[in-house]
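Comments concern the structure below.
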Amino acid sequence: MACRGKLGTKDRLRKFGLITDRVCSLCNACDETLDHLMFDCRFAKEIWKYVLQWVGILHDPQPWSTEIGWLTRMIGKKGWRFMVLKIALAETIYGVWQYRNDIIFRENTYRSTSIEIGDRIIEKVMYRGWYLPKLRKHIATLMC
């Protein structure tokens, strides 16, 4: 859904007349668009940097269209690190979206830090990677 630009971000819901609020629920500073929510929001950017650093990739997230191109090139590469990156990509997009929804729909009054969200994402990546024989040994080294 995210790659197709079909997530129900506030800017999309506003176009359909379903809501009037358009402020990002994560940073409360900018309009919530897909581009902003996934890679431009300072909070989401911190999460991405944290997860990518754990994978061993130093990268500063860019706007959505640029980032999708970079990620597509990266996940097309061979090697265990890029296999882990594929899992991390899906888990991070889902993790940011899930946290955003927790804030909106569950009226989450406790605000997690980007590190806490990143750690939850990393746990899921490790869990999924552990069950892939090609990755088990490498996931074990990342756990240290």
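All heavy atoms count here, side chains included; hydrogens, waters and symmetry mates do not. Just so you know, these numbers come straight off a predicted model, no measurement behind them.
Residue V96 comes nearest to A44 through the heavy atom pair CG1-CB, 4.3 Å, listed as atom of the first residue, atom of the second, then distance. Taking each heavy atom of C27 and C30 in turn, the nearest pair found is SG-N, 3.9 Å. A29 and V23 make their closest contact through N-CG1, 4.0 Å (heavy atoms, listed as atom of the first residue, atom of the second, distance). Contact between H138 and K134 at its shortest, heavy atoms only, is CD2-O, 3.4 Å. Smallest separation of non-hydrogen atoms from S114 and E46: OG-OE1, 2.9 Å.
In terms of hydrophobic clustering, with Ile, Leu, Val, Met, Phe, Trp and Tyr side chains grouped at heavy-atom distances under 4.5 Å, I115 and L52 are assigned to a common cluster. The cluster map of Ile, Leu, Val, Met, Phe, Trp and Tyr, joined by side-chain heavy atoms under 4.5 Å apart, puts M83 and Y94 in different clusters. Taken together through direct or relayed side-chain contacts under 4.5 Å among Ile, Leu, Val, Met, Phe, Trp and Tyr, W80 and L132 form part of one hydrophobic cluster. Taken together through direct or relayed side-chain contacts under 4.5 Å among Ile, Leu, Val, Met, Phe, Trp and Tyr, W70 and I87 form part of one hydrophobic cluster.
The side-chain heavy atoms of Q62 and D60, taken from C-beta on, include a pair separated by under 4.5 Å. Residues L37 and T33 have side chains not in contact (no heavy-atom distance under 4.5 Å, counting atoms from C-beta outward). The side-chain heavy atoms of W54 and V125, taken from C-beta on, include a pair separated by under 4.5 Å. Considering only heavy atoms from C-beta on, I93 comes within 4.5 Å of M38 through its side chain. You'll find the side chain of S112 reaches within 4.5 Å of the side chain of Y99, heavy atoms only. Here the side chains of I75 and F82 are not in contact, with every heavy-atom distance at 4.5 Å or above.
By the ring pair (Phe, Tyr, Trp, His ring centres under 6.0 Å) test, Y50 is found to be paired with no residue, residues two or more places apart in sequence or in another chain being considered. In this structure, the ring pair (Phe, Tyr, Trp, His ring centres under 6.0 Å) partners of Y127, at least two apart in sequence or on a different chain, are Y131.
A side-chain donor-acceptor contact under 3.5 Å links K10 and S25. Side-chain contact, T9 with D11: a donor N or O sits under 3.5 Å from an acceptor N or O.
Of the inter-residue distances, the one linking L34 atom CG with W97 atom CH2 reads 8.0 Å to the nearest 0.5 angstrom.
Exactly one residue among K49, Q53, E67 makes a side chain to side chain donor-acceptor pair (under 3.5 Å) with H59. That residue is E67.
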Could you go through M126 and I122, starting from their C-alpha distance and side-chain angles, then the distance that decides it, and tell me whether this counts as side-chain contact (heavy atoms from CB on, under 4.5 Å)? CA-CA 6 Å; M126 287 190 304; I122 289 168; 4.2 Å; yes
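Ion pairing between R100 and E32 holds under the 4.0 Å rule for side-chain N and carboxylate O.
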